[in-house]
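To start, the structure under review is shown below, and the notes come after it.
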Amino acid sequence: MTDRKGTISVQTGDIFPIIKKWLYSEHDIFLRELVSNSTDAITKRATLGRTENVEIPTGEIKVLVNKEKGTITISDNGVGMTEEEVEKYIAQLAFSGAEEFVQKMKDAGESADIIGKFGLGFYSAFMVADRVEVETLSWKEGSTPTKWSCEGDVDYTFSASDRSEIGTAITLHINEESKEFLGVFKTLDILRKYCDFMPYKIDVIDCEIRKNDKGEEEGPKDYTVNETQPLWKKDPTELKDQDYLDFYKKLYPMDQEPLFWLHLKVDHPFTLEGILYFPKVNPKMPFNEKNLRLYSKQVFVSDNVKNIVPEFLSLLKGTIDSTDIPLNVSRSSLQGDPNVKKISNYVVKKVAESLKKLFNTDREKYERIWSDSGLFVKYGCVSDTKFDEAMRERIIFKNSDDKFVTLPEFKEGIPTEYVEKLGDKVLYFEKDKVDHAVKNQLKEVGLFALEMDEYIDPHFMQHAEMHAVGEQKIQFSSIDSELSNLLESENTNEEDMKIQDLFKKILLGDKKEEDPDALGVEVQKIKGAKTPAYYKVDEQMKRFQKMAQSMGQGETSFPVKKTLVINPSNALIQNALKLHEKGSNEQLVEKLVHYVGDLASISSEGLKNEDKEQFVERSQQLIQDLTSNMNA
């Protein structure tokens with residue numbers, strides 16, 4: 001045939017420069033677009049073959065990288081096209097919305113994600129190529145091959161082709177700015193990122209001829225890119241645990257084994273397949289938002305699911321594949337897409353059902369993995385109402401008896417004589433900041449407080465107090481603030497008040513107890529108390545400080561008033577008072593009083609760095625004074 005020239009019928013003549021400008025930020029996506037087109041062509045041929053009862057070859061895609069010629073060719077054995085179809089689908093339909101596209105880009109700004117819109121996926125090739133050639137042979141009987149070429153403007157040329165195999169080959173003549181794509185391993189990396197689970201075999205062929213150590217020529221060299229049937233496409237009943245673990249290792253080679261997983265399969269009212277893994281979560285490590293991978297028909301779409309699925313689900317890892325997730329669309333569009341919303345709700349529901357099933361059928365395993373899964377579950381309750389309703393009564397805490405209990409189980413375990421005193425309150429203590437003496441006093445009477453961490457639990461406690469599930473309201477209260485309410489055995493007397501006055505005089509100095517930063521001092525007779533004193537903190541002030549810290553403010557921005565609660569029956573306290581009343585060694589009395597305060601600090605959250613040196617110095621002086629008196 002003789003060459004035939006044509007012009008893309010658009011009034012916007014500068015469409016190609018605009019494409020290059022607006023698409024350049026994601027220039028490696030051209031490979032995904034062209035390989036996806038090949039996949040669709042193979043699928044279409046397979047469908048037509050079944051319809052017409054025609055045997056067709058196994059679908060395959062080849063990506064030839066020819067560094068010497070400066071070309072990349074994407075070749076498939078799909079349905080192919082006639083010259084009329086090339087003109088229709090590439091030269092006309094692809095630009096039917098060109099003017100709208102240009103206007104949208106002017107309105108949206110440079111950050112807009114527009115690959116694939118207006119039929120422009122094929123033209124992403126011009127981000128990296130000066131010239132693009134399409135050679136194709138339709139599967140229709142009697143078709144002749146044709147070649148279409150375009151040099152990045154609105155003019156194109158049809159010419160004869162000697163292609164003999166049904167399918168299409170697209171050759172990109174790579175421009176100077178994009179020579180990096182002629183590196184075969186660069187191409188492999190891109191394809192393995194986007195096309196790792198495409199349904200048809202993809203081979204990358206390095207066309208470069210090299211000489212080996214013996215001077216013999218070697219090449220071309222083939223590399224297989226993908227696994228054509230990913231695990232999520234398989235029947236879960238035919239899979240073993242090791243299959244899931246091996247797949248996880250393939251996706252996340254540096255991770256530890258996941259805790260457990262959930263295989264998703266649904267075809268109504270939307271299509272969805274995937275595998276969600278519950279990974280081990282380290283709350284001290286930075287949060288990685290790129291854990292879940294979204295696919296559309298096995299084509300990678302994105303690993304940034306923020307604003308697409310509930311934020312707490314992004315703690316999970318794995319894959320979600322759905323034909324109802326558009327391949328080329330912005331995250332903002334996905335967020336408002338009704339199918340994506342349904343998928344998101346479904347995934348939340350299935351995750352909750354999976355956890356509920358584990359709780360009900362294997363409580364031992366549920367407890368065993370809780371140190372890793374608890375952060376995710378609590379985060380989900382705080383951030384998603386439906387998930388909260390499903391999981392609130394299955395949130396578990398380790399108690400002071402080193403056993404896991406739910407909130408209802410905690411309430412059920414309260415001894416009868418303390419039910420009225422506690423009311424709606426749930427006793428808790430902060431991990432690594434608890435006064436063990438206080439905790440053990442409550443244990444002795446059958447009150448087992450719940451252990452709370454400093455990461456998610458402050459948020460969960462506040463959420464649970466403000467949003468009751470069912471009719472049961474709860475209020476969390478720390479053990480130090482509730483000890484006297486629960487275990488105070490008798491009223492204080494005049495002798496006890498002398499102790500209080502002594503401690504106030506020495507510890508407060510010139511400060512008034514009403515001052516915000518001044519230490520509070522109380523004397524209380526607590527049932528079973530063995531230690532000389534403990535610190536208690538106002539619950540609401542502690543919460544405000546935690547809130548301030550979560551907002552990036554230090555402890556000093558919201559100081560918490562502490563109260564030293566003294567046990568007047570303790571022998572050390574009694575001796576300090578007697579020594580004071582004798583009036584013979586006030587310096588020793590002062591050291592004893594400060595030492596009692598230091599012991600209370602050490603027993604709870606510990607001494608601050610600036611107080612440790614003073615404590616050591618005071619301890620040495622105290623021991624020296626006491627041993628000197630013994631020798632006197």
Side-chain angles (χ1 to χ4, degrees), residues 185 188-198 224-234 236 239-265 272-295 298-322 325 343-344 347-348 350-355 357-359 362 364-380 383-384 387 391 396 453 455-456:
F185 293 109
L188 277 168
D189 285 345
I190 295 168
L191 288 170
R192 283 172 178 161
K193 174 183 177 182
Y194 291 112
C195 309
D196 205 12
F197 301 110
M198 286 279 205
T224 298
V225 169
N226 60 323
E227 180 183 333
T228 57
Q229 192 181 21
L231 201 68
W232 70 77
K233 301 291 290 184
K234 298 179 181 179
L239 298 173
K240 299 178 180 178
D241 287 354
Q242 193 59 47
D243 295 322
Y244 289 102
L245 293 173
D246 290 344
F247 186 63
Y248 185 82
K249 204 68 179 173
K250 175 181 173 66
L251 293 174
Y252 312 101
M254 303 305 293
D255 279 18
Q256 299 180 59
E257 284 190 359
L259 305 173
F260 65 104
W261 48 85
L262 172 63
H263 199 140
L264 303 170
K265 273 191 179 291
L272 175 70
E273 295 175 299
I275 301 173
L276 297 181
Y277 290 94
F278 293 72
K280 291 187 175 182
V281 178
N282 185 347
K284 296 180 180 179
M285 294 294 288
F287 173 56
N288 181 8
E289 295 178 343
K290 297 186 176 183
N291 287 333
L292 271 178
R293 301 182 182 184
L294 296 180
Y295 291 80
Q298 297 175 231
V299 181
F300 177 73
V301 177
S302 176
D303 57 5
N304 188 340
V305 297
K306 189 176 182 181
N307 299 327
I308 299 172
V309 298
E311 191 174 359
F312 79 94
L313 284 182
S314 56
L315 287 171
L316 297 180
K317 295 189 174 185
T319 60
I320 295 176
D321 187 355
S322 174
I325 296 176
I343 290 170
S344 176
V347 172
V348 171
K350 296 305 290 184
V351 168
E353 287 177 356
S354 175
L355 288 164
K357 181 181 178 182
L358 185 62
F359 178 88
D362 194 348
E364 183 180 346
K365 181 177 180 180
Y366 188 87
E367 292 180 1
R368 189 169 65 249
I369 67 173
W370 186 254
S371 59
D372 294 294
S373 64
L375 174 65
F376 158 78
V377 178
K378 291 172 187 173
Y379 185 20
S383 57
D384 189 279
F387 190 82
M391 291 302 301
I396 57 176
D453 68 25
Y455 303 106
I456 187 65

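Remember, predicted model here, so these are calculated numbers, not experimental data. Residues take their numbers from the sequence shown, with the count starting at 1.
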Where is the tightest heavy-atom contact between [X] and [Y], given as atom of each residue plus distance?
X: Phe376; Y: Leu315; answer: CA-CD1, 3.9 Å
X: Val225; Y: Cys195; answer: CG1-O, 4.3 Å
X: Lys265; Y: Lys234; answer: CE-O, 3.0 Å
X: Leu259; Y: Ser373; answer: CD1-N, 3.8 Å

| request: Could you go through the side chain to side chain contact (heavy atoms under 4.5 Å, CB included) check for His263 and Leu239 one step at a time? | output: CA-CA 10 Å; His263 199 140; Leu239 298 173; 3.8 Å; yes
Is any side-chain heavy atom of [Y] closer than 4.5 Å to one of [X]?
X: Phe359; Y: Met391; answer: no
X: Ser354; Y: Phe260; answer: yes
X: Asp196; Y: Glu227; answer: no
X: Leu264; Y: Lys350; answer: yes
X: Phe387; Y: Val377; answer: yes
X: Asp243; Y: Lys240; answer: yes
X: Asn291; Y: Ser314; answer: no
X: Tyr277; Y: Leu245; answer: no

Interatomic spacing from [atom1] in [X] to [atom2] in [Y] - rounded to 0.5 Å:
X: Phe247; Y: Ile275; atom1: CZ; atom2: CD1; answer: 5.5 Å
X: Glu367; Y: Asp362; atom1: CD; atom2: CG; answer: 10.0 Å
X: Asn226; Y: Met198; atom1: CG; atom2: CE; answer: 8.0 Å
X: Ser344; Y: Asp384; atom1: OG; atom2: CG; answer: 7.5 Å
X: Leu375; Y: Tyr455; atom1: CG; atom2: OH; answer: 10.0 Å
X: Thr319; Y: Asp303; atom1: OG1; atom2: CG; answer: 13.0 Å

Please verify the inter-ring angle class for [X] with [Y]; under 30° counts as parallel, over 60° as perpendicular, anything in between as tilted.
X: Tyr244; Y: Trp261; result: parallel
X: Phe300; Y: Tyr194; result: tilted
X: Trp232; Y: Tyr295; result: tilted

| request: Go through the steps to decide whether Ile320 and Leu276 satisfy the test side chain to side chain contact (heavy atoms under 4.5 Å, CB included), and finish with yes or no. | output: CA-CA 8 Å; Ile320 295 176; Leu276 297 181; 4.1 Å; yes
| CD of Gln229: more than 12 outside heavy atoms within 6.0 angstrom? |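 Atom CD in Gln229 is packed in, count exceeds 12.
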| query | What do you reckon, is CD of Gln256 surrounded by more than 12 foreign heavy atoms closer than 6.0 Å? | reply |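 No, because the 6.0 Å sphere around CD of Gln256 holds 12 heavy atoms or fewer from other groups.
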Quick check against the 3.5 Å criterion: does [X] have a side-chain atom that pairs as donor or acceptor with the backbone of [Y]?
X: Tyr248; Y: Gly318; value: no
X: Lys249; Y: Asp255; value: yes
X: Gln298; Y: Thr228; value: yes

| request: Could you please spell out the steps behind the side chain to side chain contact (heavy atoms under 4.5 Å, CB included) verdict for Leu251 and Arg293? | output: CA-CA 10 Å; Leu251 293 174; Arg293 301 182 182 184; 3.6 Å; yes
| said: Pair Phe278, Ile369 - check side chain to side chain contact (heavy atoms under 4.5 Å, CB included), show working. | reply: CA-CA 10 Å; Phe278 293 72; Ile369 67 173; over 6 Å; no
